[in-house]
Amino acid sequence: MPMYKLIAVAPVLLLTALEFGCSGQAPTTLSGSGMDSVAGNASSAGAPASGGMSGAAGATASGGTTPNGGATATGGAGDGATSGAGTGNAGASNGGTAGDGSAGTANGGSAGSATGGNAGTAGTAGIAGSSGAAGSGVVFPPGCTCMNLGPPACAPTGHITYTLAKSSNPTATEQSAYEAITCAMDGAVAYYNCNTTITKQLNVTYVPSVPTADGNINGAVRFGGTSYMECVTGMHEIAHTVGVGTASNWGTYSVGGVFTGTNAITQLRAITGVDTDVLHSDTQHFWPYGLNYTSEAHSTADLIDHCMMVTAIRKDLGLE
């Protein structure tokens, strides 16, 4: 009687690292048309991002001389999209739906029925695929980061969108500007949508005559200086488009260099833990956490705190 040898072949997982980067220069603040701008920082490569690990196939169960045993059991594949490490822990770059790490079903089947035959061996259960980390589905353009990091992981609550006006036949300079602005705005919008509930449609343009960048409550954002085409600047300008320094009643709350709105003051003190902290302001800006300079942002926590402060200020202004 011939004997059958059981062989299980484990799949090979290839992890691909996506590298990101976005350049800029030291900060300089210039004001224009009631709006402000900040400079960019140099960016480096982001962390690798990979999906969940595929489940290993179960072994084929062979029966006796005539029948064969159970079918091959295949494990579920972790569907991490562009994000989440293979172990299921979130990587620096996050996006897409969490991986489904369901184990494969072991279908061993019945023992072989032929006279003198050996019983069929049950199929081995497939290894559960490790879940990829849940994310926002945001994918930054190749070569792009926000503060050296990839997209934030979240279930988006905001609805800020933008369109970038482009020439039908761009010059090399224009094309370079469009790519940098796209990187800046994708990062800025991603952080706002992950950390606010604001809805706003933005119309973004490249205007070389603008020395820095500016934002208006009508939703217009203009970029001119190339060193300002980065995500912290983008977040600062989004703040202007949603009321910071541009709402008609801003001056009611910004008095004598201090913002007096109770929601904003409460939020600031909740962030700092100091119950005597004061929120400073002028005719256009607030600080701390206003991102008036790129140097104000040292971590993603600073970007999140900025979003929380803008939300609180909008409540004081009656915009949310």
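- The two atoms that bring N169 and E174 nearest to each other are O-OE1, 4.3 Å, heavy atoms only.
- The line from CE of M235 to CD of E230 is 10.5 Å long, rounded to the nearest 0.5 Å.
- Ring geometry, Y192 versus H306: the interplanar angle exceeds 60°, so the pair is classed perpendicular (tilted spans 30 to 60°).
- Between H280 and H285, the distance from one ring center to the other does not fall under 6.0 angstrom.
- For E320, the salt bridge (charged side-chain N to carboxylate O under 4.0 Å, His left out) test picks out R314, with sequence neighbours left out.
- Formation of a donor-acceptor pair under 3.5 Å by the S176 side chain with backbone atoms of A172 is not found in this model.
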Note to self: Assess the residue pair L202 and E237 against the criterion (side-chain contact (heavy atoms from CB on, under 4.5 Å)); give the C-alpha distance rounded to whole Å, side-chain angles, the decisive distance to 0.1 Å, and a yes or no.
What the structure shows: CA-CA 10 Å; L202 308 177; E237 302 309 335; over 6 Å; no

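- At a threshold of 4.5 Å between non-hydrogen side-chain atoms, the residues Y162 and D186 count as touching.
- Residue L149 holds its CG atom at 8.5 Å from CG of L303, rounded to the nearest 0.5 Å.
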task = Give the C-alpha distance, both sets of side-chain angles, the deciding distance and a yes or no for disulfide bond (SG atoms under 2.5 Å apart) between C154 and C194.
result = CA-CA 6 Å; C154 73; C194 277; 1.9 Å; yes

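- Distance check, rounded to the nearest 0.5 Å: CG of N148 to OG of S299 gives 12.0 Å.
- Partners of T161 according to the side chain to side chain donor-acceptor pair (under 3.5 Å) rule, which considers only residues two or more places apart in sequence or in another chain, are Q201.
- In this structure, the separation between NE2 on H159 and CD1 on I198 is 11.5 Å, given to the nearest 0.5 Å.
- Considering all non-hydrogen atoms of both residues, G243 and L317 come closest at O-CD1, 3.7 Å.
- Atom CZ of F140 sits about 5.5 Å away from atom SG of C146, to the nearest 0.5 Å.
- The shortest side-chain heavy-atom distance between T241 and T246 does not fall under the 4.5 Å cut-off.
- Both F223 and L164 are part of a single hydrophobic cluster, where members link through side-chain heavy atoms under 4.5 Å apart.
- Using a 4.5 Å cut-off between side-chain heavy atoms of Ile, Leu, Val, Met, Phe, Trp and Tyr, with links allowed through other members, L319 and I160 fall into the same hydrophobic cluster.
- Residues Y289 and M308 are not in side-chain contact: their nearest non-hydrogen atoms beyond the backbone lie 4.5 Å or more apart.
- Looking only at side-chain heavy atoms (C-beta outward), T260 and S254 stay at 4.5 Å or farther from each other.
- At least one side-chain heavy atom of S281 sits under 4.5 Å from a side-chain heavy atom of W250.
- Nearest approach of A264 to D316, heavy atoms of both residues: N-OD2, 2.9 Å.
- Taking each heavy atom of L279 and M309 in turn, the nearest pair found is CD2-CE, 3.7 Å.
- Cluster annotation: F259 is not connected to W287 through the hydrophobic network of ILVMFWY side chains, with a link wherever side-chain heavy atoms come within less than 4.5 Å.
- Between D277 and R269 no salt bridge is recorded (no basic side-chain N to carboxylate O distance below 4.0 Å).
- Enclosure of atom NZ in K315 is not indicated, since only 12 or fewer non-hydrogen atoms of other residues, nucleotides or ligands lie within 6.0 angstrom.
- The two atoms that bring N292 and H236 nearest to each other are OD1-CE1, 3.0 Å, heavy atoms only.
- Between V242 and V310, the shortest heavy-atom contact is CG2-CG1, 3.8 Å.
- Residues T182 and E179 have side chains not in contact (no heavy-atom distance under 4.5 Å, counting atoms from C-beta outward).
- Less than 2.5 Å separates the SG atom of C183 from that of C144.
- The shortest side-chain heavy-atom distance between Y178 and S167 falls under the 4.5 Å cut-off.
- Listed for the T197 side chain is no donor-acceptor partner under 3.5 Å among the backbone atoms of G158.
- Panel note: side chain T233, backbone Y228; a donor-acceptor pair is recorded below 3.5 Å.
- K200 places a side-chain N or O within 3.5 Å of a backbone atom of I217 that can act as its donor or acceptor partner.
- Taking OG1 from T266 and CG from D275, the interatomic distance works out to 11.0 Å, rounded to the nearest 0.5 Å.
- The same ILVMFWY cluster, assembled from side-chain heavy atoms under 4.5 Å apart, contains both I271 and F286.
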